[in-house]
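Structure in C-alpha cells, see below.
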Number of protein chains: 2
Amino acid sequence: MNRLLRVYLMDQVTIFNDYVRRKGLKNTSQRLTILEAFLGSKLHFSTEDLYFRLRKDHPKIGYATVHRTLKLFAECGIARELDFGDGQARFEPLNADQHHDHLVCTNCGLIIEFTEPQIEKLQEQVAAQYNFKIERHRHELYGLCSKCTKLS
Amino acid sequence: MNRLLRVYLMDQVTIFNDYVRRKGLKNTSQRLTILEAFLGSKLHFSTEDLYFRLRKDHPKIGYATVHRTLKLFAECGIARELDFGDGQARFEPLNADQHHDHLVCTNCGLIIEFTEPQIEKLQEQVAAQYNFKIERHRHELYGLCSKCTKLS
DNA sequence: GAAGAAATTGAAAATGACAATCAGAAAGCT
DNA sequence: AGCTTTCTGATTGTCATTTTCAATTTCTTC
Ligand SMILES: [Mn+2]
Ligand SMILES: [Mn+2]
Ligand SMILES: [Zn+2]
Ligand SMILES: [Zn+2]
C-alpha cells in the first residue's frame with residue numbers, strides 16, 4: 001500500500017498522532033480532549049465556541065490552549081480554518097471527502113456547503129493560464145438564504 | 001437617457017460627489033485629496049499604504065481620515081474592499097468594467113486579476129439550487145506565481 | 001521508576017487593525 | 001456674517017489573536 005493511499009485511509013486521530021510524533025511534539029490530555037470535542041463538533045465553529053463548550057466538562061483547559069490546538073489541527077491537515085469576514089476565525093473538521101465551498105447568509109448566519117466540480121476545474125484552467133500553482137482557494141457566496149429572502 | 005445608463009457613464013468623481021450631496025455630507029479638501037490619490041493609486045493597497053503615500057505631500061491628513069474616507073468610497077460604490085487573509089483590508093478602485101477575482105501569490109504577494117464568466121454563471125446556478133440570493137462573493141486562488149514556482 | 005531535557009499549559013499581558021470619541025475646525029445654508 | 005451640521009485628527013477604546021513565562025507535564029534514558 002503506497003503512502004498516499006494510506007494517508008487517505010487514516011482517520012483524523014491517526015493523522016494527528018503521526019504529526020505529533022513526526023514533529024517531536026507531545027501527547028497531552030488537553031490535546032486529546034480538544035481533539036475529541038473537535039471531531040464531535042458541529043461545523044464552522046469559532047475558537048470561542050469550542051472553548052465554552054469544553055468548559056462544562058473541562059473547566060481547567062485555557063483559551064490559549066484551545067486556540068493553539070486548533071491551529072495545530074489546521075497545520076496537520078485535519079482542520080480547515082475559515083474566514084467569513086465577521087472578524088472571527090472558524091474551523092471545520094477536514095476529512096478525505098470531497099472538497100466543498102460555502103454559501104453564507106448575511107442575515108441569519110446560515111452556512112450551506114456546496115460542491116461544484118466544474119468550478120474547480122475552471123479555476124484550475126484559469127491558474128494554468130498564468131502558470132500559477134494553486135495551493136488553496138476560497139470561494140464564498142454571501143447573500144440571503146431561502147428563509148431570509150422570504151422574510152424581507 | 002435613463003438613470004441606470006447615466007450611472008454607468010458617470011466617472012468615479014461624479015459618483016462620489018452625487019453620493020456626498022445625496023447624503024448631506026460635506027466636500028472637504030481632505031476628501032478631495034484622498035480621492036485623487038485613490039484614483040491614481042496602484043491596485044490592492046491597504047489603508048496604511050495610502051496613508052504613507054499621502055504623507056509626503058499632505059502630512060496633515062490623519063490616518064483616521066484616510067480610513068474613514070476609504071470606507072466612504074466603498075459605501076458609495078467607487079471602491080471595493082478586499083481581504084486576502086493577511087489581517088489587513090485592501091482597497092481597489094471600482095469602475096463599470098467587468099467584475100474580476102484574484103490570484104494571490106503567497107510567496108511574493110503578486111496579485112493577478114482574472115475574469116471567468118463561466119464560473120460566475122455556475123455559482124449563480126449553485127445559489128439558485130438553494131434559493132439563495134447572492135449579494136456578493138469572494139473567490140480567491142492562493143498559491144505560487146510563475147516566478148515563485150521557478151525559484152522554489 | 002527516578003532524573004533530566006524538552007515541550008506544554010494557562011493566566012496574564014502584548015499586539016495590531018480597526019472603530020469610536022471629542023473638542024476644535026471647516027463647510028455650507030440663509 | 002451668523003448659525004447649524006459635519007468633519008478632522010489625535011487619542012483612546014475594542015476585540016480577536018498571539019506572545020510571554022513560570023510552573024507543570026511528557027517522554028527518553030538510565
Ligand atoms: Mn464547510
Ligand atoms: Mn483587483
Ligand atoms: Zn438566512
Ligand atoms: Zn510570487
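What's counted below: heavy atoms across the whole structure, side chains too, no hydrogens, waters or symmetry copies. Quick caveat, the model's predicted, so the values are computed rather than measured. In what follows, every chain begins at residue 1, and chains take the letters A, B, ... in the order their sequences are listed.
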Applying side-chain hydrogen bond (donor to acceptor under 3.5 Å, both in side chains) between Q123(B) and each of K121(B), Q125(B), E120(B), report the one that passes. E120(B)
Taking atom P of dT8(D) as reference, at what distance in whole Å does atom NE2 of H58(B) sit? 14 Å
Atom-pair distance (CZ on R21(B); P on dT6(D)), nearest Å: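 Atom-to-atom, R21(B) to dT6(D), this comes out as 17 Å.
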Side-chain contact test, heavy atoms from C-beta onward, threshold under 4.5 Å: evaluate it for Q129(A) versus F114(B) and give yes or no. no
Nucleotide dT26(D), atom P - distance to CD of Q30(A) in whole Å: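 Going from Q30(A) (CD) to dT26(D) (P), I get 8 Å.
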Without decimals, in angstroms, what is the distance between L70(B) CG and dC7(D) P? 15 Å
Length of the NZ-P vector between K23(A) and dA6(C), whole Å: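 Distance, rounded to whole Å: 18 Å.
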Ring centroid separation F38(A) to F73(A) under 6.0 Å: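 So the answer is yes for these two rings.
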Is it the case that the side chains of T106(B) and E135(A) hold a donor-acceptor pair, with the cut-off being a distance below 3.5 Å and no angle test? yes
Below 30° counts as parallel, above 60° as perpendicular, anything between as tilted: where do the rings of H67(A) and Y63(A) land? parallel
L32(B) side chain reached by N27(B) side chain, heavy atoms, under 4.5 Å: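 No, every pair of side-chain atoms sits at 4.5 Å or beyond.
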Return the minimal non-hydrogen interatomic distance between H99(A) and T115(A), and the atom names on each side. O-OG1, 3.4 Å
What's touching nucleotides 27-30 of chain D from the protein side, N or O pairs under 3.5 Å?
from	atom 1	to	atom 2	distance (Å)
dC27(D)	OP1	N27(A)	N	2.8

Hey, is R90(B) close enough to E92(B) for a salt bridge, meaning N to O under 4.0 Å? no
Which parts of nucleotides 11-21 of chain C does protein reach within less than 4.0 Å, heavy atoms only, written one letter per nucleotide 5' to 3' as B for base, S for sugar-phosphate only and - for none? B-----SSSBB
